[in-house]
Every structure is written in structure tokens, then in C-alpha cells.
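In what follows, a structure is listed as C-alpha cells, so that the remarks can point back to it.
Quantities reported herein were computed from a predicted structural model and do not represent experimental measurements.
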Amino acid sequence: MEDFSLYLPGIILAYSAFLLGIASPGPNILAVIGTSMSLGRKSGIALALGVAGGSFTWAVLTVIGLSALLEAYSSALIAIKIFGGFYLLWLAYKSFKSAASVQDMQAKQLAGGKRSPVGYMIRGYIIQMTNPKAALSWIAIISLGMKQDAPLWVGVSIVVGTFILSILLHTLYAVAFSTPVMVRVYGKARRYIQATLGAFFAFAGIKLLLSRS
């Protein structure tokens, strides 16, 4: 129980960073939104499940890679946290910049013609796995939850928890944005959402840079 209370704050912070990262639409989210708006809920959900699968793969690879690196070089955690902290600060800058912009998000249908649900799922997986920002994001997210000599269950809980959240939230995007009303509502609230995201990313980045373990 003592170990659980020791690692729980980091796990919650990792979940929070993941959730707010999804709230700030990137290429994968915009693809889900655009597909749902153009082709309907079914195609959007299929694409969303593919994106969630790609997110799960990145999470697993990151946990395995960081665990192996820390096992070989215990001091590597400091460098990882410094990198993750500065990356989160960069995300904060991008969020504040987006909040200051009057330009709405631009979601459009994927090129290449209409596909089957399985085809959209595969496309979603490819979109996520070929997005270099996804790898950087996962390094930052995992480093928020990992401490020196953290047991295996910490990494597993982050991977499993974020995978469940990824399925739920990406699917929610597909369902919600299949209706024009939601697009307008999000458009009106976008700048406030981005400003909130910027504040959180700045907080998480500074916390990671000041972390000692």
C-alpha cells in the first residue's frame, strides 16, 4: 500500500497529461473529426479505434524502452525528465499560441477515397504510428509517472489506463463530431480550452524539470 501511494501521484499526472493531450487536437484527432463529419459515425469510430491501437503501441514501446534504458543506466532518468519537461513546455507554448489565434481547427476527410471499417482502422493505426510527435509525447507522459526503480506494475497501469482512456475519448470524438452542432460548440470554446491546456502543460513541464526522482 505504501508503494501504491508513492507512485499514484505520478500515475495520475501521466493520465492527466494524456487526457489533455487528446483535448488538444493533433493530426490524428483532426483525421477522426474530419472523417466523422464527412463520412459518418461508423467510419469515424473505426478510424478512432485504429488511432487508439497506435497509441497503445507507442505506450508499450516507450515503457519497454525506458525500463531497459534505466536498468542499464540509472542516471538516464535525469536526462529523460529534462527532455520530457522541455517538451511539455513546448506544448504549453503551442497551446498558448493556438489560444491567441483566431483561426478555427481545420478538419478534413482523409485522401484516398472511401474505405471499409477495417480499412479506416488500419489507416488510423498508421496515422498514429507514423506521427513523430506521438513518440515524443509518450516519452514525456511516461516520464511523468515513472520514478527510479519503479516496479513493473507502474508502467503497466499507465499503459492499460491510457489505452482505455484512448478508446473512450477517440470514440467520443468520432460520435460527437459526427454532428455539426458539436463542431460549432467546440469552435466557440477552443481558445479557452487551449489556454487551459497551456497552463497545465507548463505546470507539468516545470514539475518534471524540478523532479529529483
Are any side-chain N or O atoms of Trp58 and backbone N or O atoms of Gln128, one a donor and one an acceptor, separated by less than 3.5 Å? yes
State, yes or no, whether a side-chain contact exists between Ile158 and Val63 at a heavy-atom distance under 4.5 Å. no
Is it the case that one hydrophobic cluster holds both Val160 and Ile64, taking links as side-chain heavy atoms less than 4.5 Å apart, direct or via other members? no
Do Leu144 and Tyr15 belong together in a cluster built from hydrophobic side chains that touch within less than 4.5 Å? yes
Would Ile126 and Ile167 show up in the same hydrophobic cluster when neighbours are defined by side-chain heavy atoms closer than 4.5 Å? no
Heavy-atom distance under 4.5 Å between the side chains of Tyr87 and Ile139, does that happen here? no
Minimum heavy-atom distance between Phe18 and Ser166, given as atom pair plus value: CZ-CB, 3.6 Å
Enter the distance from Thr162:OG1 to Ile11:CD1 here, rounded to the nearest 0.5 Å. 11.0 Å
With no hydrogens and no angle check, is any side-chain donor or acceptor of Thr35 less than 3.5 Å from a backbone partner on Val32? no
Separation between CG of Leu88 and OG of Ser137, rounded to the nearest 0.5 Å: 8.5 Å
In residues 198-210, what donor-acceptor pairs under 3.5 Å come from side-chain atoms, sequence neighbours left out?
none

Treating Ser55 as the side-chain partner and Val51 as the backbone partner, does any N or O pair qualify as donor plus acceptor under 3.5 Å? no
Which class fits the ring pair Trp153 and Tyr7: parallel under 30°, tilted 30 to 60°, perpendicular over 60°? perpendicular
Residues in side-chain contact (heavy atoms from CB on, under 4.5 Å) with Tyr125, at least two apart? Thr57, Met129
Looking at every non-hydrogen atom in both residues, tell me the closest pair between Tyr120 and Ala46 and how far apart they are. CB-CB, 3.9 Å
Identify whether Leu19 and Phe56 are in the same connected component of the hydrophobic contact network (ILVMFWY, side-chain heavy atoms under 4.5 Å). yes
With Leu168, which residues qualify under side-chain contact (heavy atoms from CB on, under 4.5 Å), at least two apart? Ile164
CA sep, side-chain torsions, deciding dist, call: Ile141, Trp138, side-chain contact (heavy atoms from CB on, under 4.5 Å): CA-CA 5 Å; Ile141 290 170; Trp138 274 110; 3.8 Å; yes
Is Ser36 reaching over with its side chain to a backbone N or O of Ala174, donor-acceptor style, under 3.5 angstrom? yes
Hydrophobic cluster identity match, Ile127 and Leu172, side-chain contacts under 4.5 Å: yes
With side chains defined as the heavy atoms from C-beta onward, is the minimum distance between Met121 and Leu47 less than 4.5 Å? no
